[in-house]
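When a residue number appears, it is its place in the shown sequence, counting from 1.
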Amino acid sequence: MPRSILHVDMDAFYASVEERDRPELRGQPLIVGGTSGRGVVAAASYAVRRFGVHSAMPIAEALRLCPQAICVPPRMARYAEVSAQVFAIFASFTPLVEGLSLDEAYLDVTASERLLGGAEAIAQAIRKRIRTETELTASVGIAPNKLLAKIASDLDKPDGCFRIGPENLKSVLESLPIEKLRGIGRRTLPRVAAAGIRTFGDLQRADAALLWRLFGRHGGAMRALACGIDERPVSAERLERSIGAEETFARDLTDPRALERELLRLADRACARLRAQALAAGCVRIKIRRADFSTCSRQLKLTPATCDTQPIATCARRLLAEWLRRHPHAAVRLLGVCVTSLRPETQGDLFAVEPPRETRLDAAVDEIRDRFGAGTLTRASLLGAGSGAAGVPAAARRPGAGHRQR
């Protein structure tokens, strides 16, 4: 029996949440990301995409393309909150939901069709509820497998719905650019294009010898993908592989105390996201990028796994201290904290009188930030002389931060 798979992709999610929460930003060329000029674009509104701005682009380059863009820092806790609303909508239509990120998921609605109507009716109902309950829009792709559903959602954006089925499969895939195929990345693309393969149709017709030269033993599998064949099931048990936060500084940092303050700030952000998703981490990793762009990482296991800020921050601080001992006076351009080995958060001891102090503190901080905004509370360890130099992008410290950049 053919499956009915939906790929739901929220439209410019971070930017759309900012526009919803701040109506004066609607329709403006909006960039969500580091505001220091040395960060990267986390999300770009459709108004700014017309200038060639896209996610992962350096902020400096984005502002060269669109000098009038409005830059705002990301609010990950807020995006996680809205994401939870969206995923609750998904779960009301089917239990088979595979989250790919905060704003993207696969849904297997095959078993729901008899009760709720066909896949197209379900897709339209999901889009309507997202718009009604969150004031945001989503694009939905409908297909018999995950590969085609993902392609379909990209073909009618924003706020669209597109179906790929037997009636249009050949015509859709024939001229589709090869870079849209899963497994064709930036490293592979030049080699594939040099061999004359620029579309799905080209790959479908390529001879076996060429496929072997390009992909080795995976040549047959790549041809199958180009033909729209994908047997992967929707996995409802999928967890995020990692959660992290990082910052590119307005100027390189060399002061160990400033670096430690920034590290604690990042650990605090990562842990808030961890708890928002009811996950615990079994490993902490830090990322350090020096002024010459050389990048290294260090990691340490956590036993037991936790979502509490204090033990995670302590691990991150220890990793940074060890690195600084080997690289004294190093100029650091970027710092990041990432938690991995994620698993569902386990229930605490039922016979304990109350949770540990640190757990209660984190819960109270999360509740206050959820009600009054992420910037409401700051840990005392992040305050003090010079604390503004680390972790606060230059633009965020200027009067009028977060408004139009000239």
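- The main-chain N or O of Y79 is never found under 3.5 Å from a side-chain atom of S83 such that the two would form a donor-acceptor pair.
- Other residues, nucleotides and ligands contribute more than 12 heavy atoms inside 6.0 Å of the CZ atom of R26.
- Judged purely by distance below 3.5 Å, without hydrogens or angles, the side chains of D11 and S139 pair a donor atom with an acceptor atom.
- Within the 4.5 Å cutoff, the side chain of L116 has no heavy atoms near those of the V109 side chain.
- To the nearest 0.5 Å, atoms CZ (F51) and CG (L63) are separated by 12.0 Å.
- The pair E98-R232 does not meet the salt-bridge criterion, since no charged nitrogen lies less than 4.0 angstrom from a carboxylate oxygen.
- Electrostatic pairing of E262 and R265 counts as a salt bridge here, judged by a charged N lying under 4.0 Å from a carboxylate O.
- Rounding to the nearest 0.5 Å gives a distance of 9.0 Å between CG of L302 and OG of S341.
- Between I130 and F90, some side-chain heavy-atom pair lies under the 4.5 Å cut-off.
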If you apply the rule salt bridge (Lys or Arg N to Asp or Glu O under 4.0 Å), what do you find for E81 with R78, and how did you get there? CA-CA 5 Å; E81 177 186 347; R78 180 58 168 160; 3.1 Å; yes
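- Applying the salt bridge (Lys or Arg N to Asp or Glu O under 4.0 Å) test to R64 and every residue at least two apart in sequence or in another chain returns nothing.
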side-chain contact (heavy atoms from CB on, under 4.5 Å) between M222 and L181, worked out: CA-CA 9 Å; M222 295 302 292; L181 183 63; 3.8 Å; yes
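- Remark: of the listed residues I5, I126, V234, I126 is the sole one forming a side-chain contact (heavy atoms from CB on, under 4.5 Å) with L107.
- When atom types are taken as modelled, the side chain of R191 and the backbone of L214 share a donor-acceptor pair closer than 3.5 angstrom.
- Remark: side-chain polar atoms of T254 are not paired, donor with acceptor, to backbone N or O of A331 under 3.5 angstrom.
- At least one donor-acceptor pair under 3.5 Å links the side chain of D202 to the backbone N or O of T199.
- Residues in residues 167-178 take part in these salt bridge (charged side-chain N to carboxylate O under 4.0 Å, His left out) pairs, two or more places apart or across chains: E174-R205.
- Under the 3.5 Å distance criterion, the side-chain polar atoms of N168 are left unmatched by any main-chain donor or acceptor of S171.
- Within the 4.5 Å cutoff, the side chain of F215 has heavy atoms near those of the V192 side chain.
- In this structure, the side chain of S16 engages the main chain of A12 through a donor-acceptor pair within 3.5 Å.
- Counting heavy atoms from C-beta outward, I142 and C161 have side chains that approach closer than 4.5 Å.
- For K301 (side chain) and G282 (main-chain N/O), no donor-acceptor pair under 3.5 Å exists by modelled atom type.
- In this structure, R333 and T248 have side chains that are in contact, with non-hydrogen atoms separated by less than 4.5 Å.
- In terms of modelled atom types and a separation under 3.5 Å, the side chain of R285 and the main chain of S297 share no donor-acceptor contact.
- Looking at D252 and V332, their side chains never come closer than 4.5 Å, going by heavy atoms from C-beta outward.
- No side-chain heavy atom of F162 sits under 4.5 Å from any side-chain heavy atom of I151.
- Contact annotation: the side chain of D230 never approaches that of L148 to less than 4.5 Å [non-hydrogen atoms, C-beta and beyond].
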Please evaluate residues R75 and Y14 with respect to the criterion side-chain contact (heavy atoms from CB on, under 4.5 Å), reporting the C-alpha separation (whole Å), side-chain torsions for both, the decisive distance (0.1 Å), and the verdict. CA-CA 8 Å; R75 299 182 296 154; Y14 296 175; over 6 Å; no
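- Under a 3.5 Å cut-off, the side chain of R223 and the backbone N or O of A206 do form a donor-acceptor pair.
- The closest donor-acceptor contact from the side chain of T94 to the backbone of D108 lies under 3.5 Å.
- There is a side-chain donor-acceptor pair under 3.5 Å between T309 and R275.
- The pair E322-R298 fails the salt-bridge criterion, with no side-chain N (NZ, NE, NH1 or NH2) lying under 4.0 Å from an Asp/Glu carboxylate O.
- The salt bridge (charged side-chain N to carboxylate O under 4.0 Å, His left out) analysis of residues 121-134, with sequence neighbours excluded, yields the pairs R127-D159, R129-E133, R131-D159.
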Please lay out, stage by stage, how V72 and R22 fare under the test side-chain contact (heavy atoms from CB on, under 4.5 Å). CA-CA 11 Å; V72 299; R22 296 173 56 187; 3.5 Å; yes
